[in-house]
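Step one of this worksheet: look at the structure below.
Naming: A, B, ... by sequence-line order, numbering from 1 per chain. Given the structure is predicted, the values throughout are model-derived calculations rather than measurements.
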Protein chains: 2
Amino acid sequence: MTSPLDPNADRPLFKQLADRVREQIRTGELPPGHKLPSLHRLADMYGVGVATVEDALAQLRGEGLIETRKGVGSFVLEEAERRLVTVEGPAFVEARMPTPDEQRELGLPAQGVPVLVVEEDGQEKVLPANRTRLEIPPR
Amino acid sequence: MTSPLDPNADRPLFKQLADRVREQIRTGELPPGHKLPSLHRLADMYGVGVATVEDALAQLRGEGLIETRKGVGSFVLEEAERRLVTVEGPAFVEARMPTPDEQRELGLPAQGVPVLVVEEDGQEKVLPANRTRLEIPPR
DNA sequence: TAAAATTTGTGCGTATGTATT
DNA sequence: AAATACATACGCACAAATTTT
């Protein structure tokens, strides 16, 4: 059963709730594509306000674990197909969060997915991290 | 001067406000290390509620642009010193958001900084993206 | 030392709007 | 048209951390 959250704990309620759901995703209890209960439902289940549930889900969106569709609900994100990108070198690689423009251009979920920045041949490539795996071949 | 936000625009107020501040950071009008006005002050300046300012700053934290210290204020993030990590290959590189555990272990700001995951020699290294630059040497 | 003021964090409620079913 | 569900915006109260007096 779901043990209740602890209002007197050091950790705030919305983080406790995020921890619960994150753990259920990690263990596969909530598999990719699964729809979470509604905000109102979760609020009832855990005995907190709707705003608190919103905060918890915002946290998980920020970690790239779920996606929320307005008027529909929140879903555990499917593992995206990763394109293998070969980096021969010499090159430099960094990672950072995308700008809002890049989010649109790369078709990223609203939040929570970083980009890979590859500098090679004097030019810069910005790649969506959820659909990219860099391959560094043997020397 | 700061032109007011538009409550009737398609874009929500907190995103409009985030856009303003992001632009000021980008242009250098708000340089690294600079302290932002307080929530209450920003709310007055832009004619919105404090909660709306909170949402806007949460957005910017999620983008890794600012850091907020409780009881003190929000600051434009300094550019961190980057350690050059050489990846000889063969190897694979991915990027993702850190778990809360990794955030603590790597000393990352509360939100908004991804990690680089390097698979090399059959083992996995998790590196803080704000302090790491991968170097792929010439073949 | 102590107290007060400032500032952010958390939690909840309410109202309204928008998207989907 | 109606019900459901999420998004936005604001206000209030209290807690916690820090800074100033």
Worksheet item: Got A/Met97 and B/Met97 here, is their nearest side-chain heavy-atom distance under 4.5 Å?
Response: yes
Note: A/Asp19-A/Arg22 ion pair, threshold 4.0 Å (strictly below)
yes
For nucleotides 3-12 of chain C, 5' to 3', base contacts (B), sugar-phosphate-only contacts (S) and non-contacts (-) with protein non-hydrogen atoms under 4.0 Å give ----BBSSSB
Distance col, row B/Asp55:CG vs B/Leu17:CG, nearest 0.5 angstrom, shows 10.0 Å
query: Looking at side-chain heavy atoms only, is the closest gap between B/Lys35 and B/Arg69 below 4.5 Å?
result: no
Checklist entry - Quick one: does A/Arg83's side chain have a donor or acceptor within less than 3.5 Å of a partner on A/Thr132's backbone? => result no
Under a 4.0 Å heavy-atom criterion, DNA chain D is touched by chain A from D/dA5 to D/dA7
Notebook entry, point to check: Does the distance from a Lys or Arg side-chain N to an Asp or Glu carboxylate O, for B/Glu23 and B/Arg26, drop under 4.0 Å?
Noted result: yes
In Watson-Crick or G-U wobble terms, with both distances under 3.5 Å, the base opposite D/dA1 is none
To the nearest 0.5 Å, atom CD of A/Gln111 lies from atom CD of A/Gln103 at 7.5 Å
In this structure, CG of B/Leu57 is separated from CD1 of B/Ile66 (nearest 0.5 Å) by 4.5 Å
